[in-house]
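In what follows, a structure is listed as structure tokens, so that the remarks can point back to it.
Residue numbers begin at 1 in each chain, while the letters A, B, ... track the order of the sequences.
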Number of protein chains: 2
Amino acid sequence: MSLVTIIGLLAAFGTTVSFLPQAVKTIQTKDTSGISLPMYILFTAGTLLWLIYGIMSGSMPVAVANAITLIFAAIILIYKIRYK
Amino acid sequence: MSLVTIIGLLAAFGTTVSFLPQAVKTIQTKDTSGISLPMYILFTAGTLLWLIYGIMSGSMPVAVANAITLIFAAIILIYKIRYK
């Protein structure tokens, strides 16, 4: 594995792991009152586009990080729409 | 500009723009009470690594998105440490 891929995977670890506790808490409590719906739609769409970009550009760290983030972001978005 | 770069720039737009209102609010109010310091250190380090990864792998959208995010994340991190 090249140095650049290792740096990418460390980057993916940092931003994904730092996102997860808040995401898990939001999913557990179903409390999405602090989240702006338009901003969260934009974020989820952005994450989906990063996933597509990662796959198309052959960037494994970008694809992996955004695949994980997208799952959690999509669940929170569904909660936001359902329980708002 | 290739299709994959356009998708990457749209992705960068989505995740960066959705991050900015909350970041600007946090910077204006200096209220970082809702932010976990260890998680935010991890996030800021992750963003810095994404910037390095973007530059090293020649991925302009990754570099641009994380350069912008890093500036705001670093300001918030300084506030978090200073005003906690």
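Looking only at heavy-atom pairs under 4.5 Å with chain B, the residue among A:Leu3, A:Leu10, A:Val4 that has the most is A:Val4.
A:Leu70 is connected to A:Ile81 through a chain of hydrophobic side-chain contacts under 4.5 Å among Ile, Leu, Val, Met, Phe, Trp and Tyr, so both are in one cluster. A:Ile52 and B:Ile6 fall within the same hydrophobic cluster, where Ile, Leu, Val, Met, Phe, Trp and Tyr residues are linked whenever their side-chain heavy atoms come under 4.5 Å apart, directly or through other members. The same ILVMFWY cluster, assembled from side-chain heavy atoms under 4.5 Å apart, contains both B:Ile75 and B:Leu77. Note on B:Val17 and B:Val24: separate hydrophobic clusters, where clusters join Ile, Leu, Val, Met, Phe, Trp and Tyr whose side-chain heavy atoms are under 4.5 Å apart, directly or indirectly. There is a path of hydrophobic side-chain contacts, each under 4.5 Å, that joins B:Leu37 to B:Tyr79.
Closest approach of A:Ala11 to B:Gly46, counting heavy atoms only: CB-O, 3.6 Å. In terms of heavy-atom proximity, A:Met39 sits nearest to B:Ser18 at O-CB, 3.2 Å. Among all heavy-atom pairs drawn from B:Thr15 and A:Thr47, the shortest one is CG2-N, 3.8 Å. The two atoms that bring B:Phe13 and A:Leu42 nearest to each other are CE2-CD1, 4.5 Å, heavy atoms only.
Separation of atoms OG1 (B:Thr5) and OH (A:Tyr53) is listed at 6.0 Å; rounding is to 0.5 Å. The distance from atom NZ of B:Lys25 to atom OG of A:Ser36, rounded to the nearest 0.5 Å, is 10.0 Å.
Chain A is approached within less than 4.5 Å, heavy atom to heavy atom, by B:Ser57, B:Ser59, B:Pro61, B:Val62, B:Ala65 from residues 57-67 of chain B, ordered by number.
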